[in-house]
Visitor: 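After the structure tokens below, expect a handful of questions from me.
The figures that follow rest on heavy atoms only: side chains count, while hydrogens, waters and symmetry mates do not.
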Amino acid sequence: MNIVILDGYTTNPGDLSWKSLEELGEGQPAGGSCPITLTVYDRTQPSDTVARAARAEIVLTNKVVMGRREIEQLPRLRYIGVLATGYNVVDTEAAHEHGIVVTNVPAYSTESVAQMVFAHLLTVTNRTEHYAIQNRNGQWGHKPDFCYWDTPLTELAGKTFGIIGLGNIGSRVAQIALAFGMKVKALTTKPAEALPAGIQKAELTELLSTSDILSLHCPLTADTHQLINRSTLNLMKPTSILINTGRGPLVNDADVAAALSAGRLQAYCADVLTEEPPQDNPLLHQPHAFITPHIAWATREARLRLLNTAIANVRAFLHQQPQNVV
């Protein structure tokens, strides 16, 4: 059994182990065994995908595309495991036509992404890194008073926290916002009576116009593509903080940059951009845009959950009981 990992580096840059994947060949059903040959590539260019996966029955991928063109050139392929929750990198229709099982890893990053939401928010409201850097350079020692601040400092209690999308991550974010003493409103398909205590259901217009903080946690679909644009930004308070740890194309980057430049938005906090890695994104030049390089999911704890579930998915497939099938 040949297993090929096309882009293993981001999941495991060296602090985790793929060894358990190689050991799956031992103790197969009915006492059999199926020796596994594992090949791990840190990264794979599109032009190399078919050649590298040519002998594989099982392929694991994070961001390397397994489209119809690739799938139709891989007659040995029986399983594609996505090393992520989103599986838009796989043409699932083509895979199903060819009898290929496709799985993903749901909910592994909920805690880490929710944590990043508030790391970004507190960056804006408390500016701890800004002051830490200043004080390494001796700023505090030159002040006449026992304290100083040169940025606004904001208390979160009592503010309105808006959430678009109330899935696993959005729900966890809501819990944390409530713990901070914030009022939570959410745009969700769930009925109002099914929402946890403290969360008020709201339509988009109300959410945009009343939220002091707006956090995006909806899937990227035709309906949500560039949901945040010039028109929707104009409905928001100029003091609002917009947070995107979902998908880059949920916002129009240029429109957000223009709103920041014009003072129509206080801050934009994002862990994702439309193009990754970015080449010439206008948000990178905005002093009130706080951009992290798609790392909300990448705590060691979350990556370990990801790896363990991905291996468990392969094990279930080998035992002819596939799980997390998409």
Visitor: Taking 4.0 angstrom as the limit, do E276 and K63 come out as a salt bridge?
Guide: no
Visitor: In terms of hydrophobic clusters joined by side-chain contacts under 4.5 Å, are I3 and I71 together?
Guide: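 Unlinked, I3 and I71 end up in two clusters.
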Visitor: Does a donor on one side chain and an acceptor on the other come within less than 3.5 Å for R52 and T44?
Guide: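 Judged by distance alone, the side chains do pair up.
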Visitor: Checking side chain to side chain contact (heavy atoms under 4.5 Å, CB included) between F317 and each of I58, V325, T103, which is the one that passes?
Guide: I58
Visitor: Would the number of heavy atoms belonging to other residues, nucleotides or ligands and lying under 6.0 Å from CD of E129 be above 12?
Guide: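 No, because the 6.0 Å sphere around CD of E129 holds 12 heavy atoms or fewer from other groups.
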Visitor: Run the salt-bridge test on E57 and R76 with the 4.0 Å N-O cut-off and return the result as yes or no.
Guide: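 Looking at R76 together with E57, the answer is yes, because their closest N to O distance falls below 4.0 Å.
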Visitor: So, N135 side chain and G138 main chain: donor-acceptor pair closer than 3.5 Å or not?
Guide: no
Visitor: Return the CG to CG distance between L318 and L24, rounded to the nearest 0.5 Å.
Guide: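 Answer for the CG-CG pair, L318 versus L24, is 6.0 Å.
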Visitor: Using atom types as modelled and distance alone, determine if a side-chain donor or acceptor of Q139 lies under 3.5 Å from a backbone N or O of Q134.
Guide: no
Visitor: For the pair T160 (side chain) and D212 (backbone), establish whether a donor and an acceptor sit closer than 3.5 Å, ignoring hydrogens and angles.
Guide: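 It does not hold such a pair.
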Visitor: How are the rings of Y131 and Y148 set to each other: parallel, tilted or perpendicular (split at 30° and 60°)?
Guide: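 Taking Y148 first and then Y131, their aromatic rings stand perpendicular (interplane angle over 60°).
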Visitor: Using a strict threshold of under 4.0 Å (side-chain N to carboxylate O), is an ion pair present between E23 and K19?
Guide: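 Salt bridge present between K19 and E23.
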Visitor: How about F161 and F180: are their ring centroids closer than 6.0 Å?
Guide: no
